[in-house]
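This structure is a prediction, so every number in the text was calculated from the model and none was measured. Throughout, protein chains are lettered first and strands after them, A, B, ... in sequence-line order, and every chain is numbered starting at 1.
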Amino acid sequence: MNNLKNLRGTVDLLPDQLIKWQNVEKIVLEQLARASINEIRTPILEMTELFIRGIGEGTDVVSKEMYTFIDRGERSCTLRPEGTASVARALIQNGMLSNHPLQKLWYMGPMFRYERPQAGRQRQFHQLGVEFIGYDSVRSDVEIIALAWDILGKLGIKELNLEINTLGDLSDRLNFQKSFLKWLEINKNSLDLDSQNRITKNPLRILDSKNAQTQNALKNAPRLFNFLSEKSHKRYSHLKKNLEILKIPYVENFNLVRGLDYYTHTAFEITSGALGSQATVCGGGRYDDLIKQMGGPNTPAIGFAIGLERLILLAGKELEIPRNTDIYIINQGLIAESLAMDLSRKLRNYDLLVELDLSGASFSKQFKKANKLKSKSIIVIGDDEAVKGEFIIRLFDQSGNGNEEEVISFENDIDLEKWINNNLLVK
RNA sequence: GCGGGCGUCGCCAAGUGGUUAAGGCAGCGGCUUGUGGCGCCGCUAUUCGGGGGUUCGAAUCCCCUCGCUCGCCCCA
């Protein structure tokens, strides 16, 4: 029995911790609803092919981090490592792009990547993703960045850094890649080993290598920014201007590439120093070619994902406080216990947190329990009350001073409601 | 995949070779069988992540292994 354990990189979320999760999720979902974004749910398990084609074979995520296995029907299946590819697939497959070319969608759920766990990183983790499908205007880029920024702001998270970059469109990138590859051939030896390996696999990724030696060498390399078309340049400066109008502070990072192949034009990341080495809480960008590449109609899109574990880490302690019990029902005796159960059901029609003591323990014990839970009030039903068809109700404040008891008949809903309104529902 | 740190009760922890493994919190029971916060009393690890070895004797030393954690890489 003792050797049954959860798998490495997975965690049990226990009731105490879930208070914070639920509070954070509530705020996030409210914000999404207000921006009139609709939910979409796709399977956690997909064909492996989807991610190879969607994310890109040369990426780290696909080449070494996927949970892939052969199922009983000999299909290669993969636990999703991210959400965008699935959403794109679902939209194409369900013909949603011809009927509703414009849509704003969100999803939330577990993702899986086989990596070494560390602070802010698990093998099963959770993401909130937002995708604006069919939108190509700069304003949609701005709106989605603002949305991410505001969600973090609503949670009271301070000291965030927004980094932005532009990757241009496909032809910008090809032009750049040509001369970048030439430079890489010549300067190969001044790069670190990882980066050398990427020359053939995924050269763009070399740009955001964190190796100091490589970063130093890259200072003399051609810059993607200089290969952007006039149109791409304009798009990017328009984006910056809009962010300034909205007073969203940003930092340009020309080396921000992002690890998934599908990004075009705008790429952005929001980081926090409070997270340790896994500093990114939100990452996103535009992916105008993905849906077409996956066999759908030519559909521009932009999206982001927020890592929920990291979000929880950043969110304030005030979200960890549980709601106190409003009424604790102390009860003992055969008839009393039935009456108590009936009363507890009645009380749950109000916006109250009601706990019925089921222990059958002594009154003294039940009072202690009510006190431990910091219940705002108590109801007492014993044999005496049961016989008379009434119960005792009273406030139960922490000072321990005797509050006035009130006796109410089980039939008298009007007095009960009055008491609740006067004592519990008013601030 | 590669480095560093760590593993004693549900939680926090003392103990670094000698025969009963401190203490605190939480939990349970009692003082007080129908009225709470405080207090007092009692109970709660045959065992120190697991396995092997050294020794008369190990939680303490050695080896292996598992796990956790932090960092590299990468990402949310």
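- Spacing between atom CG of A/N255 and atom P of B/C75 amounts to 13 Å, rounded to whole angstrom units.
- Using modelled atom types, no side-chain atom of A/D342 and backbone atom of A/S338 make a donor-acceptor pair closer than 3.5 Å.
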A/I164/A/K240 under side-chain contact (heavy atoms from CB on, under 4.5 Å): CA gap, chis, key distance, verdict: CA-CA 9 Å; A/I164 60 168; A/K240 289 193 289 185; 3.9 Å; yes

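- In the set B/G36, B/G29, B/G71, the nucleotide with an atom closest to the side chain of A/F396 is B/G36.
- If you take NZ of A/K368 and P of B/G39, they are 12 Å apart, rounded to a whole angstrom.
- Note: A/T10 OG1 to A/Q122 CD = 8.0 Å, rounded to the nearest 0.5 Å.
- Screening A/Y107, A/W21, A/F112 for a ring pair (Phe, Tyr, Trp, His ring centres under 6.0 Å) involving A/H126 leaves a single residue, A/W21.
- Residue contacts shown for A/E65 are limited to sugar-phosphate atoms, with no base heavy atom under 4.0 Å away.
- The ring of A/F367 does not lie on top of the base of B/G36; it is either too far (5.5 Å or more) or too tilted (30° or more).
- Here the nucleotide nearest the side chain of A/A119, chosen from B/G36, B/C70, B/C75, is B/C70.
- A/R121 places its CZ atom 10 Å from the P atom of B/C75, with the value rounded to the nearest Å.
- Picking from B/C68, B/C74, B/G34 the nucleotide with the shortest atom distance to the side chain of A/R8 gives B/C68.
- In this model, a side-chain donor or acceptor of A/E385 finds a partner on the base of B/G34 within 3.5 Å.
- Listed candidates were B/G29, B/C74, B/C72. Nearest to the side chain of A/R205 is B/C74.
- Residue contacts for A/K372: at a heavy-atom cut-off of 4.0 Å it reaches the sugar-phosphate backbone alone, with no base atom in range.
- In this structure, A/L7 and A/D194 both approach RNA chain B, and ranking their closest nucleotides by distance from the 5' end singles out A/L7.
- Of the candidates B/C74, B/G36, B/G29, the closest approach to any side-chain atom of A/D60 belongs to B/C74.
- Between A/Q118 and B/G71, a side-chain N or O to OP1/OP2 separation shorter than 4.0 Å is present.
- With both pairing distances under 3.5 Å, B/C25 is matched to B/G10 as a Watson-Crick or G-U wobble pair.
- The distance from the OH atom of A/Y350 to the CG atom of A/L424 is 11.0 Å, given to the nearest 0.5 Å.
- Between B/G36, B/G71, B/C75, one nucleotide has an atom nearer to the side chain of A/S277 than all others, and that is B/G71.
- For the pair A/Q122 CD and B/U69 P, the computed distance is 8 Å after rounding to whole Å.
- The CG-P distance, from A/N371 to B/U35, rounds to 16 Å in whole Å.
- Between the side chains of A/T280 and A/E269, at least one donor N or O lies within less than 3.5 Å of an accepting N or O.
- If you check every strand for non-hydrogen atoms under 4.0 Å, A/R116 touches a base.
- Using a 4.0 Å heavy-atom distance criterion, A/I392 is classed as a base contact.
- Sequence order on RNA chain B of the closest nucleotides to A/G9 and A/Y263 puts A/G9 first from the 5' end.
- B/U55: no Watson-Crick or G-U partner with both key distances under 3.5 Å is found in any strand.
- A straight line from CZ of A/R80 to C1' of B/C75 spans 16 Å, rounded to a whole angstrom.
- Here the side chain of A/F363 is nearest to one of B/C73, B/G34, B/G30, namely B/G34.
- A/D357 has its CG atom 16 Å from the P atom of B/U35, to the nearest Å.
- The partner of B/C74, taking Watson-Crick or G-U wobble pairs whose two distances both stay under 3.5 Å, does not exist in any strand shown.
- Between A/K365 and B/G30 there is a side-chain N or O to OP1 or OP2 distance below 4.0 Å.
- The nearest whole Å value for the distance from the CD atom in A/Q278 to the P atom in B/C73 is 9 Å.
- In terms of modelled atom types and a separation under 3.5 Å, the side chain of A/E57 and the main chain of A/V62 share no donor-acceptor contact.
- Pair check for B/G34 finds none; no Watson-Crick or G-U wobble contact set falls under 3.5 Å.
- One N or O donor and one acceptor, one from the side chain of A/R394 and one from the base of B/G36, sit under 3.5 Å apart.
- Backbone-only contact: A/G283 has heavy atoms under 4.0 Å from sugar-phosphate atoms and none from a base.
- When distances are taken from the side chain of A/R198 to each of B/C74, B/G36, B/G34, the shortest belongs to B/C74.
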